[in-house]
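We number each residue from 1, following the sequence as shown. Computed from a prediction, not measured in an experiment: that's the story for all the values here.
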Amino acid sequence: MKTLETCSPEETENLAARIASETKPGAILLLRGDLGAGKTAFARGFARGLGITDPVSSPTFTIVQEYPCADGRMLYHMDLYRISDSDAALAFGIDDFLFDGNAICLIEWPERAEDLYPPDAVNIEIAHGDGENRRIITIRD
């Protein structure tokens, strides 16, 4: 377990970019945190760390955004906020994304389908720290 603190959205993005540069294909990262905690800022930085230059926003209404990486991998950025449970996640085909060995999955609101993730999924908790822009980021792999 690692706990880190950032003091701005830019620092959160930079931290996520460093993590992305060390993340192997097939990885599943579960982003946990309240509304406004910084999950989407983390996702933007993570995508940048994979060399993705497209704008990254939360896929709340589309559920999943697919981003091709320059090296042929894919980043699947999912937001399960509007998903009620694992059955609903399976209905949209989450399993196709989770088990793509040439992709990385970044999932916001993962608790909606908790029983679908493999045991080696990485949990990343983002919480508000002291001060408006401070974030406490805890990584459990």
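With a 4.5 Å cut-off on side-chain heavy atoms, Leu106 and Tyr76 do not count as touching. Residues Thr138 and Ile124 have side chains not in contact (no heavy-atom distance under 4.5 Å, counting atoms from C-beta outward). The side-chain heavy atoms of Cys69 and Met74, taken from C-beta on, include no pair separated by under 4.5 Å. Considering only heavy atoms from C-beta on, Ile83 comes within 4.5 Å of Ile63 through its side chain.
In this view, Asn102 and Arg73, Asp100 satisfy the side chain to side chain contact (heavy atoms under 4.5 Å, CB included) rule, not counting sequence neighbours. With sequence neighbours excluded, the residues that form a side chain to side chain contact (heavy atoms under 4.5 Å, CB included) with Ser8 are Glu10, Glu11.
Residue pairs meeting the ring-ring contact (aromatic ring centres under 6.0 Å, His included) criterion with at least one partner in residues 104-141, sequence neighbours excluded, are Tyr81-Trp109. Sorted by first and then second residue, the pairs that involve residues 123-141 and meet salt bridge (Lys or Arg N to Asp or Glu O under 4.0 Å), not counting sequence neighbours, are Glu5-Arg134. Under the ring-ring contact (aromatic ring centres under 6.0 Å, His included) criterion, no residue pair touches residues 4-33, with sequence neighbours excluded. Counting only residues at least two apart or on different chains, the salt bridge (Lys or Arg N to Asp or Glu O under 4.0 Å) pairs with a member in residues 40-64 are Glu13-Arg44, Glu13-Arg48.
Phe46 and Val64 sit in two unconnected hydrophobic clusters of ILVMFWY residues. Membership requires side-chain heavy atoms under 4.5 Å apart, directly or through other members.
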Can you give me every donor-acceptor pair (side chain of residues 24-40, partner residue at least two apart or in another chain, under 3.5 Å) with its distance?
from, atom 1, to, atom 2, distance (Å)
Arg32, NE, Asn123, OD1, 2.6
Arg32, NH1, Glu114, OE1, 3.2
Arg32, NH2, Glu114, OE1, 3.3
Arg32, NH2, Glu114, OE2, 2.6
Arg32, NH2, Asn123, OD1, 2.8
Lys39, NZ, Gly33, O, 2.9
Lys39, NZ, Asp34, O, 2.9
Thr40, OG1, Glu108, OE2, 3.4

Got a list of side-chain donor-acceptor pairs under 3.5 Å for residues 85-98, not counting sequence neighbours?
from, atom 1, to, atom 2, distance (Å)
Asp85, OD1, Asp87, N, 3.1
Asp85, OD1, Ala88, N, 3.0
Ser86, OG, Asp115, OD1, 2.2

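Across all their heavy atoms, Ala20 and Leu50 have their closest contact at O-CD2, 3.6 Å.
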